[in-house]
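Computed over heavy atoms, backbone and side chain alike; hydrogens, waters and symmetry mates excluded.
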Amino acid sequence: MTTVRGKSKFAYGAVVAMAVTGIGVLPAHAAPTPAKAPQQQSAVSATGATTKAAAARSYTYLSFKVNSKDTSNSRLSLVYVQVINPDKVRTYTVKTWRAGSGTGSTNSCLKNRGVLPSGDYKIRSFEAHKDGGPHGIHGLAWYIGEHRCKPGGTNRDALFVHSEMLPNGKQGRTEPYRWDGNSDYKSNGCIKLKPSDARDLAGYWNSYPHPGKLYVS
């Protein structure tokens, strides 16, 4: 579960309310098409076709590294896996932000208090202007579903990556829609970013595929 979230309008408005599909199109700047000699312009080689097909399989994912000493000072990263061709794959971190989860306990079985359980999550949807109702998550929100803290353990549900803001992305006057500082990195279990970092993450969709999964460790 989580405490607060918000929404807003940004330069990446084209992705508003778009469902996450996981794997998208390789950014044009990431793998420029090699120039061809004039006499080769009319021919499409088998190798070129293979490279384009491989590039289309490039993707991103989110990685959340829990800081066991202070779960409110953990790290969320956007990772890009660039498939240049079937035999050449590059993986690199696009950017990392401070993020928090839980109220301080490293016991992921404590519902509404413990840190997000370790494991693999599917990012099920994204909303740029989510309206979760009174005291619900607002604004930018990545829905990651539910997860058990361990086989047969407590099921943690209503999990998101989010911030504290109003549905339109602006700051509210009171909690839980106003970001006041370090204390707001705490949550009921969701991953929380400060508003500017949530907008930064969403903005990368202009040049990278949507992240389809989240890995927590």
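For residues 91-105, the pairs satisfying salt bridge (charged side-chain N to carboxylate O under 4.0 Å, His left out) are Lys95-Asp200, with sequence neighbours left out. Pairs passing the disulfide (SG to SG under 2.5 Å) check and including a residue from residues 71-104, sequence neighbours excluded, do not occur. Each disulfide (SG to SG under 2.5 Å) pair with one or both residues in residues 98-180, not counting sequence neighbours, appears once here: Cys109-Cys149.
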Test Lys65 against Ser217 for side chain to side chain donor-acceptor pair (under 3.5 Å), laying out the working first. CA-CA 5 Å; Lys65 300 291 186 180; Ser217 61; 3.2 Å; yes
Would you please test Phe160 and Ile191 for side chain to side chain contact (heavy atoms under 4.5 Å, CB included) and show each step? CA-CA 6 Å; Phe160 290 82; Ile191 295 174; over 6 Å; no
Applying side chain to side chain donor-acceptor pair (under 3.5 Å) to Asn107 and Ser105, what does each step give before you reach the verdict? CA-CA 5 Å; Asn107 184 349; Ser105 174; 5.2 Å; no
Could you walk me through whether Tyr61 and Tyr215 pass the ring pair (Phe, Tyr, Trp, His ring centres under 6.0 Å) check? CA-CA 8 Å; Tyr61 64 84; Tyr215 298 97; 5.1 Å; yes
Stepwise, does the side chain to side chain contact (heavy atoms under 4.5 Å, CB included) test hold for Thr91 with Tyr80? CA-CA 6 Å; Thr91 300; Tyr80 179 48; over 6 Å; no
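Arg178 places a side-chain N or O within donor-acceptor distance of the main-chain N or O of Arg173, the cut-off being under 3.5 Å. Looking only at distances, a side-chain donor or acceptor of Arg156 sits under 3.5 Å from a matching main-chain atom of Gly114. Ser108 contributes no side-chain N or O that, together with a main-chain N or O of Leu116, makes up a donor-acceptor pair within less than 3.5 Å. Under the 3.5 Å distance criterion, the side-chain polar atoms of Glu175 are left unmatched by any main-chain donor or acceptor of Asp180. Proximity of a side-chain donor or acceptor of Thr60 to a complementary backbone N or O of Pro209 within less than 3.5 Å is detected. Proximity of a side-chain donor or acceptor of Ser72 to a complementary backbone N or O of Tyr185 within less than 3.5 Å is not detected.
Connection of Phe126 to Trp97 is established within a shared hydrophobic cluster, with ILVMFWY side chains joined at heavy-atom distances below 4.5 Å, either directly or through further cluster members. Clustering ILVMFWY residues whenever any of their side-chain heavy atoms sit less than 4.5 angstrom apart, transitively, puts Leu76 in a cluster other than the one holding Trp179.
Between Trp205 and Trp142, the two ring planes are perpendicular [angle over 60°; tilted spans 30° to 60°].
Between Lys170 and Asn168, the shortest heavy-atom contact is N-OD1, 2.9 Å. Across all their heavy atoms, His147 and Ser118 have their closest contact at CE1-O, 3.4 Å. Pairing each heavy atom of Pro211 with each of Leu78, the nearest pair is CB-CD1, 4.3 Å. The two atoms that bring Arg148 and Gly153 nearest to each other are NH1-O, 2.8 Å, heavy atoms only.
In this structure, the side chains of Leu62 and Val79 stay at 4.5 Å or more apart for every pair of heavy atoms. Between Gln171 and Met165 the shortest side-chain heavy-atom distance falls below 4.5 Å. Side-chain atoms of Val216 and Val66, non-hydrogen and from C-beta on, do get closer than 4.5 Å to each other. You'll find the side chain of Tyr121 reaches within 4.5 Å of the side chain of Leu159, heavy atoms only. For the pair Phe64/Leu214, a side-chain contact is recorded, criterion being any heavy-atom separation below 4.5 Å from C-beta on. Between Lys111 and Asp157, some side-chain heavy-atom pair lies under the 4.5 Å cut-off. Side-chain contact between Arg90 and Ile84: present, with at least one pair of heavy atoms (C-beta onward) separated by less than 4.5 Å. Side-chain contact between Thr71 and Thr106 is present, with at least one heavy-atom pair separated by less than 4.5 Å.
Atom OG1 in Thr96 sits 10.5 Å away from atom CG in Asp197 (nearest 0.5 Å).
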